[in-house]
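We count ligands from 1, going down the list as the structure has it; atoms in each ligand are counted the same way.
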Amino acid sequence: MPVITRIEDLRCIHERRVPRMFYDYVESGSWTEQTFRENTTDFSHIRLRQRVAVDMSGRSTRSRMIGEAVAMPVALAPVGLTGMQSADGEIKAARAAEAFGVPFTLSTMSICSIEDVAEHTTKPFWFQVYTLKDDDFMARLFERARAARCSAIVVTVDLQVLGQRHKDLKNGLSAPPKLTVKSIADLMTKIPWGLEMLGTRRRFFGNIVGHAKGVTDPSSLSTWTAEAFDVSLDWKRIARFKDMWGGKMIIKGIMDPEDARRAVDVGADAIVVSNHGGRQLDGAVSSIRMLPSILDAVGDQVEVHFDGGIRSGQDVLKALALGARGTYIGRAYNYGLGAMGEQGVTRALEIIHKELDITMALCGETDVARLGLHNLYVPQGFGDPTVLV
Ligand SMILES: Cc1cc2nc3c(=O)[nH]c(=O)nc-3n(C[C@H](O)[C@H](O)[C@H](O)COP(=O)(O)O)c2cc1C
């Protein structure tokens with residue numbers, strides 16, 4: 001086993017261990033992948049301010065996200081098909097998050113169902129909902145999430161229509177998969193992964209199959225997914241989801257100050273500055289570049305969370321110091337899961353935690369809550385998307 005010291009090490013093992021079609025599903029963005037790439041590379045424009053001779057003992061990364069205590073303000077983002085990176089992947093990731101003390105968000109498009117995850121965890125998790133047309137199905141999803149003791153819903157608002165990922169089309173990754181000769185040949189070389197998969201009954205979308213009208217088996221899924229998403233979604237309908245749910249609501253996928261204000265108006269408890277990890281609007285600005293202007297617009301009215309491109313604790317620190325109250329990782333924990341299952345998710349969290357803690361110390365800070373702009377050198381114009389820095 002190689003020595004694992006960074007998230008990139010987990011990515012390399014993930015790439016070797018998991019069939020290409022599922023690895024590519026994670027490691028891709030839409031069209032030219034410009035936004036996907038810039039989500040990570042734009043972090044490097046922000047530099048850290050080094051301080052010395054500061055008492056660095058007694059450091060703490062403990063904080064709160066939507067009122068819930070967290071070991072560090074880093075949640076696991078909703079990621080579809082997590083259960084194809086490793087058998088029962090959502091259960092493994094949720095258990096790792098629970099043991100570490102950070103929130104886990106289950107995607108609507110997960111392999112393990114809400115009930116599966118609830119059965120294998122003891123603490124409440126968050127449930128992500130896509131904005132679907134069918135009100136009855138939405139109401140039932142909320143009911144199921146309530147019964148599973150989910151403490152918040154995360155409403156994803158940036159996927160009324162689907163951005164195109166070339167790799168998925170070429171690999172035949174659809175619902176259900178259209179296997180190509182190449183992907184079958186590749187699947188046959190991933191023996192440990194395949195044996196694990198044979199050992200579980202959870203191989204289809206657990207929240208959908210058997211729950212959505214007319215979707216009784218995986219073959220009827222493709223018709224459902226083609227028609228399920230609500231192309232006519234507007235803010236009135238998002239407000240209605242808040243009423244239907246009746247609990248805490250996080251709105252995810254905000255990339256514009258104007259939309260951030262609308263999210264506050266409909267009563268969001270938090271918003272996530274996110275471009276879906278560069279999987280939707282290719283050519284959109286990286287999330288880290290949009291964070292400052294959204295904080296300026298609504299930072300004093302709502303908790304602002306952030307995701308997109310986080311691959312290290314330094315990235316987390318930069319987002320927090322800009323003013324985000326919480327962050328999410330998507331690919332970083334999926335690399336860990338694909339590489340080493342539950343243990344790999346724990347390893348990803350440990351790596352990020354250690355990097356955050358040590359970097360905080362080297363910046364002369366002992367409490368994550370006290371990070372701020374004073375810890376950063378931000379190039380002029382960085383937060384202005386019309387300026388190319
Ligand atoms: C493979 C994959 C699947 C995803 N599926 C969902 C999803 O089902 N629902 C959702 O709201 N976001 C989804 N996202 C977006 C993530 O929640 C998150 O915004 C993104 O991964 C953050 O960027 P990062 O991967 O660079 O951390 C997905 C992201 C990836 C990489």
side-chain contact (heavy atoms from CB on, under 4.5 Å) against L169, all qualifying residues, sequence neighbours excluded
Q164

D367 and R59 ion-paired at < 4.0 Å
no

Could I get the full list of salt bridge (charged side-chain N to carboxylate O under 4.0 Å, His left out) partners for R240, not counting sequence neighbours?
D135

With respect to K252, which candidate in V273, V272, V155 satisfies the side-chain contact (heavy atoms from CB on, under 4.5 Å) definition?
V272

Contact residues of ligand 1 (heavy atom under 4.0 Å), by chain and number
Y25, V26, A77, P78, V79, G80, S107, Q128, Y130, T156, K252, S274, H276, G277, R279, D307, G308, G309, R311, I329, G330, R331

Can you label the angle between the H305 ring and the Y328 ring as parallel, tilted or perpendicular, going by 30° and 60°?
tilted

Go through the structure and list residues passing salt bridge (charged side-chain N to carboxylate O under 4.0 Å, His left out) with R144, not counting sequence neighbours.
E115

